[in-house]
Amino acid sequence: MSAESPTVRGLGEAEDIRSVPATITIGEAGGHPGKTVRIQGWLYNLRKSGKIVFPIVRDGTGLMQCVAVKSNLPEPVFDSLKSLTQESSLVVTGAIRAEPRAPGGYELDVSDVQIIQRVSEDHPYPITPKEHGVEFLMDHRHLWLRSRRQHAAIRVRHEVIKSIRDYFDSHGFTLVDTPIFTPAACEGTTTLFEIDYFGDKKVYLTQSGQLYNEANAMAFGKVYCFGPTFRAERSKTRRHLTEFWMVEPEMAFADLEEVKRVAEELIVYIVGRVLEQRSEELKTLERDVSKLEAVRAPFPRMSYDDAVKILQSKGSEIQWGGDFGNADETLLTEDFDRPVMVDRYPASIKAFYFQLDEQRPELALGVDIIAPEGYGEIVGGGQRIHDLAMLEKRLTEHNLPREAFEWYLDVRRFGTVPHGGFGMGVERFVAWMCGLEHVRETIPYPRMLYRTRP
RNA sequence: UCCUCAGUAGCUCAACGGUAGAGCAUUCGGCUGUUAACCGAAGGGUUGUAGGUUCGAAUCCUACCUGAGGAGCCA
């Protein structure tokens, strides 16, 4: 771009950015009151009033209201700022000053400006400070991420993921990731994305790392895998993505009660970390944090049997043997201020690998954890079958091809032990933390039934 | 896959059978403390597509396309 004024420089001179005075992030501004610093970022918004302008700059760590007064600045500097367009990139030099009127509590008195790129007024930044519809925003997802609420949600996501890793890493679990290309269905029931693998065979995108996790638990004791998961279900609701992230721990020598204990402890830990580390973001999202502060152990626990009775007493049409719909899940959690654990489901509605209850073999030792406020099932897991003959029987009952599961049967042939684990969906968890209407805002680039761009 | 709703200016919406409008964004002008700043002016439209009804269709009908919400299924 051309040099419109002595202070407007091209990218070729960007090394100047790192010279004195010190370059800081907006998040660090509180540590530099009275100092002259440089901040580098993008023009978030600009208000002007004749001979004074208020550029608001964002740099990914926060927003900084700057003040440029015409009488204190060389004319080209003031003029370049006065007409600057939204999301233009720039470096601002000035003194930090505590200012209660400014968002964030600090303000920067501008002494110099370098514009790195001025967004053209012929093709202005499409996302204005006004309202926009979902379709428009999703089409501009790559730019929408710059907006405050989206930025906050992704930072909460980061905290949730970091908390999950910290929890497992400090509780004796080893990260053992499982493949994304898999040869067959893990559970047989749900639909899988089919991939043409070099033309000579089909592979599928994983829907769960669980079967591999079970083998890994026999090698490492306690393991977890954490990665993207794919479901080719034609679900079109605010709770569904076709590509989502799931953490799946698996533990040798663990029964259903241990699985429930770990899941509860993990959830309480994550919620605590989000409250502690991301209070600013929760404020931006206007989240009612009292709803999250209530999330403490113990969680209410009920059997499937009792859950069905409660639902029937609340007017649900559900019959014993059926699975819960979304309305049922909301009914079940409405009287509680924390997640609800439901265990011992009919084996007929659960996957083949669940251990059966010894007293009542029609029940599977599985547990689902349903988040409050209508966010639905965030955890599903349980105890797995460890007996070889039983697992073979269940494979047959489910009409699953035995050859594909030979390696999985080996887990029971060579030193089998009771074991269990669960899967937790990151996006639903983040949506719950943030109080968002839809999981599409909890992942940078959501993949949904009718949307795979940008 | 099924059900419901919606497509009008760059964006958010109004007009609901009779000459297509507002706010924001953009451009120009004004304003030294603004908080989605404000005030004045200008430019900006084959009303999602294709048919049909009508003297006349953004408006009514049919099909299709695109999107949203929900059901089933699931994290």
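Sequence lines set the chain letters: A, B, ... in the order given, protein chains first and strands last, and positions in each chain run from 1. Below, each value reflects all heavy atoms present in this structure, side chains not excepted, and no hydrogens, waters or symmetry copies.
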Practice task
Considering only atom P, compute the distance from B:U12 to B:G48 and round it to an integer number of Å.
Solution key: 14 Å
Practice task
Name the nucleic acid region contacted by A:Val379, choosing base, sugar-phosphate or nothing; use a 4.0 angstrom heavy-atom cut-off, strictly under.
Solution key: sugar-phosphate
Practice task
Classify the nucleic acid contact of A:Asp368 as base, sugar-phosphate or nothing, counting any heavy atom under 4.0 Å across all strands shown.
Solution key: nothing
Problem - Length of the CD-C1' vector between A:Glu121 and B:C28, whole Å - result: 12 Å
Practice task
Please measure how far the C1' atom in B:C39 lies from the corresponding atom in B:C24, and state the result in whole Å.
Solution key: 16 Å
Exercise for the section: Report the distance from atom CZ of A:Phe244 to atom C1' of B:C74, rounded to the nearest whole Å. Expected result: 8 Å
Practice task
For A:Gln65, report the nucleic acid contact type (base, sugar-phosphate, nothing); a contact means any heavy atom under 4.0 Å.
Solution key: base
Problem - Donor-acceptor pair present, A:Arg47 side chain and B:C31 base, under 3.5 Å - result: no
Handout entry: B:A50: pairing nucleotide in any strand, Watson-Crick or G-U under 3.5 angstrom
Key = B:U62
Completion exercise
Between A:Arg428 and A:Asn45, whichever has its closest RNA chain B nucleotide further toward 5' is A:Asn45
Exercise for the section: State whether the distance check finds a donor on one side and an acceptor on the other, under 3.5 Å, for side chain A:His132 versus base B:C11. Expected result: no
Practice task
Anything under 30° is parallel, anything over 60° is perpendicular, the rest tilted; go ahead and classify A:His132 against A:Phe136.
Solution key: parallel
Exercise for the section: With heavy atoms under 4.0 Å as the rule, sort A:Ile56 into base, sugar-phosphate or nothing. Expected result: nothing
Exercise for the section: Would you tell me whether A:Asp169 and A:Tyr224 have side-chain atoms, one donor and one acceptor, within less than 3.5 Å of each other? Expected result: yes
Exercise for the section: Name the nucleic acid region contacted by A:Lys48, choosing base, sugar-phosphate or nothing; use a 4.0 angstrom heavy-atom cut-off, strictly under. Expected result: base
Exercise for the section: Scan A:His123 against the nucleic acid and name what it touches under 4.0 Å (heavy atoms): base, sugar-phosphate only, or nothing. Expected result: nothing
Practice task
Using the P atom as the reference point in each nucleotide, state the distance between B:G43 and B:A22 in Å, no decimals.
Solution key: 11 Å
Practice task
Take atom P in B:C16 and the same atom in B:A6, then report the distance between them in whole Å.
Solution key: 16 Å
Practice task
Pick base, sugar-phosphate or nothing for A:Gly133, based on heavy-atom distances below 4.0 Å to the nucleic acid.
Solution key: sugar-phosphate
Exercise for the section: Give a yes/no answer on whether the side chain of A:Arg234 brings an N or O atom under 4.0 Å of OP1 or OP2 in B:U1. Expected result: yes
Handout entry: Parallel, tilted or perpendicular, as decided by the 30° and 60° cut-offs, for the rings of A:His171 and A:Tyr167
Key = parallel
Practice task
For A:Thr128, answer base if it contacts any base atom (sugar-phosphate contacts may also be present), sugar-phosphate if it contacts only those atoms, and nothing otherwise; contact means non-hydrogen atoms under 4.0 Å.
Solution key: sugar-phosphate
Produce the list of close N/O pairs, under 3.5 Å, pairing protein atoms with atoms of nucleotides 64-68 of chain B; give distances to one decimal.
residue : atom : partner  : partner atom : Å
B:G67   : OP1  : A:Tyr450 : O            : 3.2
B:A68   : OP2  : A:Lys236 : NZ           : 3.4

Exercise for the section: Determine the contact category for A:Asn326: base if any of its heavy atoms lies under 4.0 Å from a base atom, sugar-phosphate if only primed atoms, P, OP1 or OP2 are that close, otherwise nothing. Expected result: sugar-phosphate
Practice task
Sticking with atom C1', work out how far B:G30 lies from B:G69, rounded to a whole angstrom.
Solution key: 46 Å
Practice task
Scan every strand shown for a Watson-Crick or G-U wobble partner of B:C55, both distances under 3.5 Å, and answer none if you come up empty.
Solution key: B:G18
Exercise for the section: Go ahead and name the base partner of B:G69; Watson-Crick or wobble counts if both distances stay under 3.5 Å, otherwise write none. Expected result: B:C3
Handout entry: Residue pair A:Asp305 / A:Ser303, side-chain donor-acceptor N/O under 3.5 Å
Key = no
Problem - Donor-acceptor pair present, A:Glu107 side chain and B:G33 base, under 3.5 Å - result: yes
Exercise for the section: Rounded to the nearest angstrom, tell me the gap between atom CG in A:Leu449 and atom C1' in B:G69. Expected result: 13 Å
Problem - Euclidean distance for C1', B:A58 against B:G45 (whole angstrom) - result: 11 Å
Exercise for the section: Please confirm whether A:Tyr269 and A:Phe168 have ring centers closer than 6.0 angstrom. Expected result: no
Practice task
Just name whichever nucleotide pairs with B:C11, Watson-Crick or G-U, keeping both distances under 3.5 Å, else none.
Solution key: B:G23
Problem - Residue among A:Arg157, A:Arg155, A:Arg287 satisfying salt bridge (charged side-chain N to carboxylate O under 4.0 Å, His left out) with A:Glu281 - result: A:Arg155
Fill in the blank from the handout: Separation of B:G72 atom C1' from A:Asp323 atom CG, nearest Å, is 11 Å
Handout entry: Residue pair A:Tyr353 / A:Gln210, side-chain donor-acceptor N/O under 3.5 Å
Key = yes
Practice task
Please measure how far the C1' atom in B:U27 lies from the corresponding atom in B:A9, and state the result in whole Å.
Solution key: 16 Å
Counting only pairs under 3.5 Å, give me each side-chain donor-acceptor contact of residues 254-264 of chain A, with atom names and distances, residues two or more places apart or in other chains.
residue  : atom : partner  : partner atom : Å
A:Asp255 : OD1  : A:Glu257 : N            : 3.3
A:Asp255 : OD1  : A:Glu258 : N            : 3.0
A:Glu257 : OE2  : A:Lys260 : NZ           : 3.1
A:Glu258 : OE1  : A:Arg261 : NE           : 3.0
A:Glu258 : OE2  : A:Arg261 : NH2          : 3.1
A:Lys260 : NZ   : A:Asp343 : OD2          : 2.7
A:Arg261 : NH1  : A:Glu265 : OE2          : 3.3
A:Glu264 : OE2  : A:Phe299 : N            : 2.7
A:Glu264 : OE2  : A:Arg301 : NH1          : 2.8

Practice task
With a 3.5 angstrom cut-off on both distances, give the Watson-Crick or G-U wobble partner of B:G40, or none if there isn't one.
Solution key: B:C28
Problem - Distance-only polar pair, side chains of A:His123 and A:Ser120, donor-acceptor under 3.5 Å - result: no
Handout entry: N/O donor-acceptor pair, side chain A:Ser235 with base B:C74, under 3.5 angstrom
Key = no
Exercise for the section: Using the P atom on both, measure B:G17 against B:A57 and round to a whole Å. Expected result: 14 Å
Handout entry: Quiz item: A:Ser71 side-chain donor-acceptor pair to B:U32 base, under 3.5 Å
Key = yes
For residues 307-315 of chain A, run the donor-acceptor check on the side chains, cut-off 3.5 Å, and write out each pair with its distance to 0.1 Å, sequence neighbours left out.
residue  : atom : partner  : partner atom : Å
A:Gln312 : NE2  : A:Ile318 : O            : 2.9
A:Ser313 : OG   : A:Ile310 : O            : 2.6
A:Lys314 : NZ   : A:Glu334 : OE2          : 2.8
A:Lys314 : NZ   : A:Asp335 : OD2          : 2.8

Exercise for the section: Take atom CG of A:Asn72 and atom P of B:U32, then tell me their distance rounded to the nearest Å. Expected result: 14 Å
Practice task
Let me know the distance between NE2 of A:His140 and C1' of B:A25, rounded to the nearest Å.
Solution key: 13 Å
